[in-house]
Amino acid sequence: MSKNTIFIALFGIIPFFLLGQPLERATFPIFENGQELPLALAGGFNLPQFSGVDLDNDGVEDLFVFDRGGNAMASFKYQNGMNYDFAPDLLEYFPRLNKWAIMRDYNQDGAPDIFAYTTQLGVAGIEVHKGYWKNNKLAFTKLSFGQTFDVLYYQGANNPINLYVSSIDIPTFSDIDNDGDEDILTFASSGGYVVYFKNLSQEQGYGNDTLIFKKEDPCWGKFYESGQSTKITLSNDPNTCAEAFLSGGISDRHAGSTLLAMDLNLDGKKELFLGDVSFNNVVLLFNTGTPDKAFMTDQDTLFPSYHPIEIPVFPSIFGLDIDHDGKKDVLSSPNAGGISQSRENAWLYRKIDNTSQFEFIQNDFLVGKMLDLGTGAYPTFADVDGDGLYDMVIGNSTFFDPAGALDSRLMLYKNVGSYNTPKFELVDDDFLSLKAESNEHWNFTPNFGDLDGDGDLDLLVGEYLGGMYYFENTAEADQPMQFAQAIFPFKNIDIGLVATPFIVDVDEDGLTDIIIGERNGNVNLFKNIGSAGSPDFNSDQAISPNSPFWGNIDTRKAGSVTGYSVPRLWKENGIFKLFVGSQSGQIYEYTDIENNLNTAFTKVTEDYGTIKDGGTIYPEFIDLNNDGHRELIIGNERGGITAFQTNLTSPVSTYQSIKPTLELKIEPNPTKDIFKPIFGESNTTRGRLSIFNITGKLSMQKTIFSGEPIATSHLPKGVYIIKINTESAHYTGRLSVE
């Protein structure tokens, strides 16, 4: 070994171990606007970063996506053309990542590696995970370089120096000098100039297998980016850096940039795409220098000029061969959380020749095939329409609005499947008309439960400022829900910020209580001090029997002041099970809750199911297919949902007993004046009849006996959904009225 051993990537490798056994994925169809979403449960995109790499060792390039929104990962297996299938199992051995992540096979061993922003506190830089194959899936060892932090260093005059990269920037990894190893371009810590860090692996005789860097050029390409205009300041001299003269110089620059180096015309010199935090567009710089000495002499300040990228407010750009035609295409996406487009956020341009010419394909690559509610998704389930099947209600934080307005809603997805096979279709994109509240209240987190003890399910909806909306269900049990006017703020309860309520009888006294998670990561208990039919709560969480820090639950991680707790509690085999979602994306599990409501609970794990679907998750446990085991449905920061199978039993549904749905016999069908619905064992079987038109609007409702004639004179011609609810079953059928 040489004296440069400290820089060699093989030094002191640290293996990554999974904690516990991952859960298997679950799936079910979801429809919007009459079309099935083929990638419905892929989790949505907010700030996606794309890498084209082989993920399953079959020699075909697939797609790895890291999303800065919640530090989430997703994998997609290539099929044909521009089509990819969601393949989350390919991420089984991936480590948790932070801020940004780019995959490259830096050592050319056939197993892609990961360059990512460090997960270590106290340093800004690049960590490296070296890939290897394990059961034809990628696994990784995190590399150490013999220094204080496990990040990349470069050779200083006397000592190694941390190779700085900002958490909000995205550097580019490319063989800049065409010598076979991976170099790095990134902005200087002061901004303005791009620094070229040359990899000396080849020069020092290590081939591609090491990462040994020196600062080769402090202003690669000789240009200067002011951050005050999309126009880049170019130099007139290939040997001189452009002057930083705008508005006083470098110190005035608004920091934050993304880079992509690509050889567009295959002449051996890298062009450079550049996005900036101050603008919505991407700049393309043209290189007329040499591979060893870049010199940018021309620019396209609105790339591409015929159909410019327009991504508020901080675009990033990535190069990969999406359609496998041998030419690298580009994808552009937002890089600034909270203020960026949250659905039309994957702009795909196909490269059409060996020049800088690209063809615009779409602005919602992959994400247009997903369930995506913008920012934040908060799912819950209940039989909203009284047909015996769980429907899905999802709240969100907001859809993107270019004017900066908030657009928070509840969305109702009706279960149009069967007792054992759930299938959901969007039927109301502003359920209970909460969008109108978004100017003052947002981030709607719904939960159903029998709060007033009358046998049907009511609805609580938490919101960002810490209050709750209460919707009392005035219908009978097992009937389509009908809600009274919303009460806000319910009982003047205010937990601080980001209320996530769950309705449950904690002390089993026959009165349902409320446990509420919040932004700080604790869980609040509000005991019902009312009576059956008249729930009541003290709004002060600090006054007994309430508790502001119930069970000593705390979902904050080291270095964070927030935890975003989301509690879920039920009994399994007579024992309470408590799960709490968190900002870290991990699910906490607690036990020892019975007869222990005023002391600390026992923490079973901080990582139930080893879920790696990103941060700020919203878990819901529900037996959707009636197999006796709960599915875990997770909403996330990116506005999407994912689903998992669990071994958690559900002998009785979390919310209500589900009856089988059977086919209804209708005579005659079609009809002009009357029809007879036939159900049950005899004509003495009684049930509740509901008639809905094809749009789902209730046209008629009454209690009838099996075979009783029903007049249709009040019904316009058309197709109707007929539903009968009895004590033992639900019946459904279609009727044509002529």
Side-chain angles (χ1 to χ4, degrees), residues 28-32 34 379-394 410-428 431-432 446 448-450 455-459 471 473-483 620 622-627 631 633 650 652-666 669 675 677-680 685-706 708 710 715 718-737:
F28 46 82
I30 299 177
F31 293 78
E32 291 184 0
T380 194
F381 295 83
D383 182 9
V384 174
D385 59 3
D387 67 352
L389 303 177
Y390 282 123
D391 305 303
M392 178 167 61
V393 174
I394 311 180
L410 296 181
M411 302 182 73
L412 172 60
Y413 290 80
K414 174 180 168 54
N415 190 341
V416 295
S418 65
Y419 184 66
N420 302 115
T421 308
K423 183 167 62 174
F424 297 94
E425 182 170 8
L426 177 64
V427 295
D428 191 340
F431 183 54
L432 299 178
F448 289 94
D450 186 6
D456 58 32
L457 299 183
D458 308 300
L459 176 63
F471 294 88
N473 182 5
T474 59
E476 298 177 4
D478 294 333
Q479 295 302 308
M481 292 183 179
Q482 297 179 15
F483 293 103
E620 188 67 288
I622 187 76
D623 185 3
L624 286 178
N625 58 4
N626 294 287
D627 65 351
E631 280 71 51
I633 314 300
S650 181
V652 177
S653 163
T654 307
Y655 302 112
Q656 65 189 95
S657 177
I658 295 294
K659 293 176 282 190
T661 298
L662 306 175
E663 184 177 356
L664 176 66
K665 185 177 180 181
I666 300 174
N669 192 8
F675 72 96
I678 300 172
F679 54 92
T685 303
R686 189 169 64 173
R688 185 72 170 174
L689 165 72
S690 299
I691 302 177
F692 301 88
N693 67 20
I694 200 65
T695 67
K697 182 179 179 180
L698 182 65
S699 300
M700 177 182 176
Q701 195 170 67
K702 64 179 294 188
T703 299
I704 65 169
F705 290 98
S706 178
E708 180 178 331
I710 307 297
L715 298 176
V719 177
Y720 294 84
I721 307 298
I722 311 298
K723 296 182 179 181
I724 305 288
N725 180 30
T726 72
E727 289 185 356
S728 59
H730 296 280
Y731 295 83
T732 184
R734 287 183 175 239
L735 170 69
S736 294
V737 177

Considering the options N725, L689, I724, L662, which one meets the side chain to side chain contact (heavy atoms under 4.5 Å, CB included) requirement together with F679? I724

Can you spot which of N669, I710, L664 makes a side chain to side chain contact (heavy atoms under 4.5 Å, CB included) with L735? N669

Exercise: identify the closest heavy-atom pair between [X] and [Y]:
X	Y	result
P677	I704	CG-CD1, 3.6 Å
I721	T732	CG2-OG1, 4.0 Å
A475	P480	CB-O, 3.2 Å
I666	I722	CD1-CG1, 3.9 Å
S736	V719	OG-CG2, 4.1 Å
D385	K723	OD2-NZ, 3.5 Å

Rounded distance (nearest 0.5 Å) linking atom [atom1] of [X] with atom [atom2] of [Y]:
X	Y	atom1	atom2	answer
L426	L412	CG	CG	8.0 Å
N693	L715	CG	CG	9.5 Å
Y720	M700	OH	CE	12.0 Å
T685	F705	OG1	CZ	9.5 Å
F471	Q482	CZ	CD	14.5 Å
Y731	K665	OH	NZ	13.0 Å

Taking the side chain as every heavy atom from C-beta outward, state whether I394 and L410 have any atom pair closer than 4.5 Å. no

On the 0 to 90° scale, with breaks at 30° and 60°, tag the F448-F483 ring pair as parallel, tilted or perpendicular. tilted

Do D387 and F692 pass the side-chain contact (heavy atoms from CB on, under 4.5 Å) test, and can you show the C-alpha distance, the side-chain angles, and the key distance before you say yes or no? CA-CA 11 Å; D387 67 352; F692 301 88; over 6 Å; no

Would you check if the side chain of [X] reaches a backbone N or O of [Y] as a donor-acceptor pair within less than 3.5 Å?
X	Y	result
N415	P422	no
N626	N420	no
Y419	G388	no

So M481 and L459, side-chain contact (heavy atoms from CB on, under 4.5 Å) or not? Walk me through it. CA-CA 10 Å; M481 292 183 179; L459 176 63; over 6 Å; no

Knowing that exactly one of E425, K423, E32 qualifies, which makes a side chain to side chain donor-acceptor pair (under 3.5 Å) with Y413? E32

Over 12 non-hydrogen atoms of neighbours within 6.0 angstrom of CZ in R688: yes

May I have the step-by-step check of side-chain contact (heavy atoms from CB on, under 4.5 Å) for E620 and M392, ending in yes or no? CA-CA 11 Å; E620 188 67 288; M392 178 167 61; over 6 Å; no

